[in-house]
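Remember, it's a predicted structure, so these values are computed and weren't measured experimentally. The sequence lines fix the lettering, A, B, ..., with proteins before strands; numbering per chain opens at 1.
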Amino acid sequence: MGVSTSTVLAINGVRKTFANNVALDETSLELTAGSFTSLVGPSGCGKSTLFNVISGLLRPDTGSIALGDRDITNSTGHVGYMLQKDLLVPWRTVLGNITLAAALTRKVTAQDRREAEQNARRYGLGEFLHHYPGALSGGMRQRVALMRTLATNQSLLLLDEPFGALDSQTRLDMQQWLLQIWADLKKTVIFVTHDVDEAIFLSDRVIVMSPRPGRVVADIVVDLPRPRTLETLTDPAFVDFKREVLRLLHRSSS
Amino acid sequence: MTRGEGTELSALRRWRLVGALVLWSVTSLVVFVAAWQAVIAIFHPAPYVIPTPHDTYFAVTHNWSSIWPLAVGTFRETLYGFAAGAVLGFFLAVAMYKVRIFRSLSYPFIIASQAIPIIAIAPILVLVIGFNIYPTIIIVAWIVFFPVTINTLDGFLNLDADLLNLTRVLGARRWRRFWFVELPGTVTPLFSGLKIGAAYAVTGAIIGEQADSSGSSLFQYQFAANNSSRTDLVYGLTIVMMAIGLLWFVLIVGLDHLATPWKHRPTSRRWRDRGRTTSTPSLRNE
Ligand SMILES: Nc1ncnc2c1ncn2[C@@H]1O[C@H](COP(=O)(O)OP(=O)(O)OP(=O)(O)O)[C@@H](O)[C@H]1O
Ligand SMILES: [Mg+2]
């Protein structure tokens with residue numbers, strides 16, 4: 001299969017079953033460098049399963065994952081993955097959590113700490129550097145979890161419903177915050193969400209999946225101008241995209 | 001936005017907690033003595049069956065110069081035995097967690113070890129090892145290791161599977177993962193095991209002292225008091241033994257508190273020691 005130069009991630013015919021239970025039907029997808037792609041689909045359609053396969057936590061029954069020109073199927077440590085739970089470790093402070101990846105692989109250097117501190121300050125965690133996660137609000141916890149994912153310096157980020165548990169006001173703040181980081185750091189992002197507004201607001205591309213066993217039913221390019229603001233949410237073009245995605249989601253689930 | 005309070009506030013809260021602890025301890029003591037006194041007032045037992053709290057108190061204070069070194073001796077036995085048992089119990093749990101075959105093989109032996117009636121084998125231990133402190137230390141360690149191993153192993157085996165997955169995603173090395181995630185994730189069950197062990201340590205020490213009939217120990221002193229019908233002293237010495245057990249428990253609870261600052265502090269202590277600002281943080285508006 002010819003891989004164009006700008007393709008960073010290629011998912012080739014990945015399928016996963018758990019004990020005769022198809023969790024993810026054959027799925028193929030290619031992502032271009034620096035793109036923001038959302039994955040929407042009904043609960044249980046295999047979105048987290050796909051992430052687990054990409055990250056190397058799960059072994060697919062068939063298919064392969066390529067990052068650039070490297071085959072990374074079944075191997076961990078090549079992507080930044082923020083799991084569905086924030087999984088902050090309660091015994092490390094905000095800085096300690098951000099530098100967790102470093103601590104788990106080698107000695108944490110002063111440089112690591114300095115970078116973590118700079119990024120944390122730049123992205124709104126400055127006053128919480130030495131707080132334990134137990135003393136943070138839900139939104140702050142998600143920020144820390146994302147900073148920890150970023151600290152791994154991977155170019156591809158898998159974000160599994162990072163804002164799912166937040167109230168709508170905080171969620172809106174977090175979406176803007178994430179877009180800013182994405183623009184600053186030029187990462188490639190795959191983002192899972194149940195919120196259609198969120199998917200369209202953030203993404204260049206929205207992938208709609210069918211109910212279990214999940215497969216791709218639509219691939220929509222969202223060409224709304226950036227930077228996106230609160231006005232984007234009421235833009236007629238935005239509403240058109242929303243109608244389209246909702247229709248696809250609804251059709252595939254009936 | 002934070003759920004924890006500022007540092008000054010939490011210091012105040014800490015003192016209130018200590019105050020509450022002292023208050024409740026004193027209250028418990030008063031209730032205990034009052035109940036004791038009430039039993040005597042109602043049933044009028046003979047003094048050689050139940051002495052009064054007053055007599056018991058003075059039996060201890062009058063003999064304090066004899067009791068103190070013996071109590072220190074018992075404490076020392078529990079200290080060595082507890083330390084040995086805790087270390088052994090902990091490393092057993094680690095080995096059982098990390099090596100599945102070892103877990104399956106050793107589990108039956110670990111359970112069986114506690115089915116042995118220690119009182120029955122204590123004299124044999126003394127015969128084999130000699131009339132010294134070591135049999136007692138072994139008995140204490142024998143009792144203490146068990147809850148430590150079982151609780152710690154349970155802790156390891158119940159670590160969040162997603163958290164372990166995350167460490168894989170982050171490319172963790174085996175022993176670094178152990179040190180930074182698996183071990184701190186198990187401190188709570190580890191300390192539960194230590195607390196149970198602490199409560200039993202004194203019982204183990206007394207069993208050891210009983211077997212070593214030639215030594216001068218708290219138990220042998222109590223045995224002599226019993227033989228000369230000094231029931232008040234027997235009661236008093238029992239309370240001294242209880243006090244040693246309680247002391248251990250309090251020590252472990254304190255250690256637990258120090259080892260898990262994240263459970264009762266909003267920020268890390270090191271931060272304050274470096275003299276940064278301690279104002280209550282608030283979410284910046286962006
Ligand atoms: N480890 C596992 N063992 C067995 N079945 C599993 C396992 N993980 C997931 N499944 C099953 O695979 C299917 C897909 O699960 P998955 O978690 O990927 O869904 P999802 O799309 O992420 O759902 P949600 O939106 O609710 O998070 C589900 O039916 C689930 O029960
Ligand atoms: Mg999921």
With chain B as the partner, which of A:L100, A:L87, A:T93 has the greatest number of non-hydrogen pairs under 4.5 Å? A:L87
Contact leader toward chain B among A:R106, A:Q176, A:R148, A:H78, where contacts are heavy-atom pairs under 4.5 Å: A:R106
Please check if the number of heavy atoms outside [X] that lie under 6.0 Å from its [atom1] is greater than 12.
X      : atom1 : answer
B:L258 : CG    : yes
B:R76  : CZ    : no
B:W175 : CH2   : yes
B:Y134 : OH    : no
B:F91  : CZ    : no
A:D167 : CG    : yes
B:F156 : CZ    : yes

Output for pair (B:L170 CG, A:Q154 CD), nearest 0.5 Å, gives 9.5 Å
In Å and rounded to the nearest 0.5 Å, what is the CG to CG distance from B:L166 to A:L57? 9.0 Å
Which atoms of [X] come close to chain B, meaning under 4.5 Å heavy atom to heavy atom: side chain ones, backbone ones, both, or neither?
X      : result
A:T105 : both
A:L83  : side chain
A:V94  : neither
A:R92  : side chain

Minimal non-hydrogen separation, A:Y81 against B:V169, with atom names: CB-CG1, 3.6 Å
Using a 3.5 Å distance criterion without hydrogens, assess whether the side chain of A:W91 forms a donor-acceptor pair with backbone atoms of B:F180. yes
Against chain A, work out which of B:P184, B:G171, B:A172, B:P261 has the most heavy-atom pairs shorter than 4.5 Å and name it. B:P184
B:V187 versus chain A, heavy atoms under 4.5 Å apart: side chain, backbone, both or neither? neither
